[in-house]
J.: 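What follows is a single structure, and I will ask about it in a moment.
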Protein chains: 2
Amino acid sequence: MSKRRETPLKNIKLEKGHCSIGVRLNKLGMVPFFQELSESDLEKVNQHFRARHFDRGDVIYREEETASLLRIVVAGKVKLVRHTLEGKDVLIDMLQPGEYFGSLPSIGDEKYMETAIAQTQACVLSVGTDDFRNILNQYPSVAVKALEITAGRLKESQEQIKQLRTRSVENRIAHVLTMLSDKFGEESEVGLLIQVPLSRKELADMVGTTAETASRIISRFQEKDWVSTGRQWIAIKNQEKIRDLSQDKG
Amino acid sequence: MSKRRETPLKNIKLEKGHCSIGVRLNKLGMVPFFQELSESDLEKVNQHFRARHFDRGDVIYREEETASLLRIVVAGKVKLVRHTLEGKDVLIDMLQPGEYFGSLPSIGDEKYMETAIAQTQACVLSVGTDDFRNILNQYPSVAVKALEITAGRLKESQEQIKQLRTRSVENRIAHVLTMLSDKFGEESEVGLLIQVPLSRKELADMVGTTAETASRIISRFQEKDWVSTGRQWIAIKNQEKIRDLSQDKG
DNA sequence: TGACTAAAATGAGCCAGATCAAATAAGGGA
DNA sequence: TCCCTTATTTGATCTGGCTCATTTTAGTCA
């Protein structure tokens, strides 16, 4: 009855030159940091950026490397991971176009604390930390925006700490699925598809479990027909149930 | 042989009027935010602040209350806690003079995400969020500083997430003890004393365990003569061992 | 379309740490 | 110095989720 299935994930193929100077200026204005800048200021700021393309799986920078650049995702998805000595990974964040990563110009912020990897083909802008510091001092609105964004991330990360301590793995998985579908969700025939390649292992690393446990739980969801999944993808069929579980009192 | 023991903790009694306008300006310059401001700018900024005294246990603000003030600890210690529906608490941070809390002026930051409680008698400054926003726009150095501080907290909190997922409770307790002694440590006859009242329950809430488990672990440390403790206080007698445990490969 | 490979699903056993229940003891107050 | 409250300690038991090992797929590629 069913044809051979193939990934419902979009194969994001970025064309050659997509990461060029021309496109760049255009996109820069859409980055939250710079939203309040005038056209001309934007152009000045743009001078300091360099653009670079990455293929899926490329390491953008490594933990422990000397941190000297602030980066902004312009196209594609980028994941941030921390490795531990015991060989466990912690998936800190999955970034979308418009989001920043790398080092903010802070004192003693000499090493990157995490590894950044292109999760799909991606185009990334970068500025030197010193240049960015100048930008911050010159355009207070950029600094305020950066502060807001960072404060927001701090809250999220505190929320995650709270969840890690108090909710079950099942609840936490429901929670990331909700977050991911809010961020990357796209309606498709199989349900609300999370438009990023994401293995069970990666899902587990976001939530703080093992791939096995994550798999068991996803299977359970599937039995109840709340999600549909395959290799590296998950789509949500019953948003309400999943959201309920992610809320308090699952 | 030994006299009746009493808490080695200092009873921080703040005198009346300690929290007055006069003292205030003096202290404001010591707050990291404002370190780079000139005397006269400092005075202008000071206009916007109000000072207020709190006794031990006083609630400074509650989770879910509308957030409208940014606060700065001027004297005493303040703890930030998150409560969960299940009745568990998460102790997010223990603040020292000079540190900020409350709401940064960010969009949609309408509710406090945590409850702030005076852990000792304390003096706290506050500014309206709008006023602070103006300060940020007017003095970029303040904004940059705020950004640095917030980014630093973000890193800490990511580090904590990593630890929660990968280290044992024993390791994590050793880790907070190390952090707390770096921050609040004071040499005393009983060892490097953490100069803040801190119950086992609170220790547990910082680390993500139960009071019982925390107690068992502290007992173990005590047997090895690494720490000495009593009600609401802990002093470290063997910093090296504790630090080793908190490091990787305990 | 069939073969092949890495991802995913499953099974069985085990343990750190949570829970529940009780016994102790620290240290403030009079 | 004694009393009393409430933190702390300790014991016994239970379990979610981790581990290790194996079997099944999904989906790509030729």
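A, B, ... follow the sequence lines: proteins, then strands. Residue 1 opens every chain. Small disclaimer: the values here were computed from a predicted structure and weren't measured.
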J.: Taking the side chain as C-beta and beyond, is there a heavy-atom pair between B:I194 and B:M179 under 4.5 Å?
T.: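 No - every pair of side-chain heavy atoms lies 4.5 Å or more apart.
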J.: Using atom CD of B:E86 as one end and atom P of C:dT19 as the other, report the distance to the nearest whole Å.
T.: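 Distance check: B:E86 CD to C:dT19 P gives 10 Å.
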J.: Could you check whether A:Q163 and A:H175, counting side-chain N and O atoms only, form a donor-acceptor pair closer than 3.5 Å?
T.: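 A donor-acceptor contact under 3.5 Å links the two side chains.
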J.: Using whole Å, report how far CZ of A:R167 lies from P of D:dG16.
T.: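 After rounding, the gap between these two atoms is 16 Å.
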J.: Without decimals, in angstroms, what is the distance between B:R220 CZ and D:dT8 P?
T.: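 These atoms are roughly 18 Å apart.
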J.: Atom CD1 of B:I234 to atom P of C:dG27: distance rounded to whole Å?
T.: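 Atom-to-atom, B:I234 to C:dG27, this comes out as 12 Å.
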J.: Between D:dT6 atom C1' and B:E202 atom CD, what is the distance in whole Å?
T.: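 Checked: the CD to C1' distance equals 14 Å.
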J.: Rounded to the nearest angstrom, tell me the gap between atom CG in B:D205 and atom C1' in C:dG17.
T.: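 Interatomic distance, CG of B:D205 to C1' of C:dG17: 15 Å.
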J.: Using the side-chain hydrogen bond (donor to acceptor under 3.5 Å, both in side chains) criterion, which residues pair with B:R220? Sequence neighbours excluded.
T.: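 B:R220 satisfies side-chain hydrogen bond (donor to acceptor under 3.5 Å, both in side chains) with B:E170 once adjacent residues are dropped.
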J.: What string of B, S and - do you get for nucleotides 5-14 of chain C, 5' to 3', if B is base contact, S is sugar-phosphate-only contact and - is no contact with any protein heavy atom under 4.0 Å?
T.: -BBSBBBB--
J.: Could you work out, with side-chain hydrogen bond (donor to acceptor under 3.5 Å, both in side chains) as the rule, every residue matching B:K88, not counting sequence neighbours?
T.: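 Applying side-chain hydrogen bond (donor to acceptor under 3.5 Å, both in side chains) to B:K88 gives none.
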J.: Answer yes if the side chains of B:E202 and B:Q119 hold a donor-acceptor pair under 3.5 Å, and no otherwise.
T.: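 Per modelled atom types, B:E202 and B:Q119 side chains form a pair under 3.5 Å.
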J.: Would you say the side-chain atoms of B:K241 pair up with the backbone N or O of B:K224, donor to acceptor, closer than 3.5 Å?
T.: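 Not at all, since once roles are kept as given, no pair shorter than 3.5 Å links the two residues.
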J.: Think B:T209 has a side-chain N or O under 4.0 angstrom from the OP1 or OP2 of C:dG17?
T.: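 Answer is no, no contact under 4.0 Å.
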J.: Could you give the CD-to-C1' distance, from A:E170 to D:dG16, as a whole number of Å?
T.: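 These atoms are roughly 12 Å apart.
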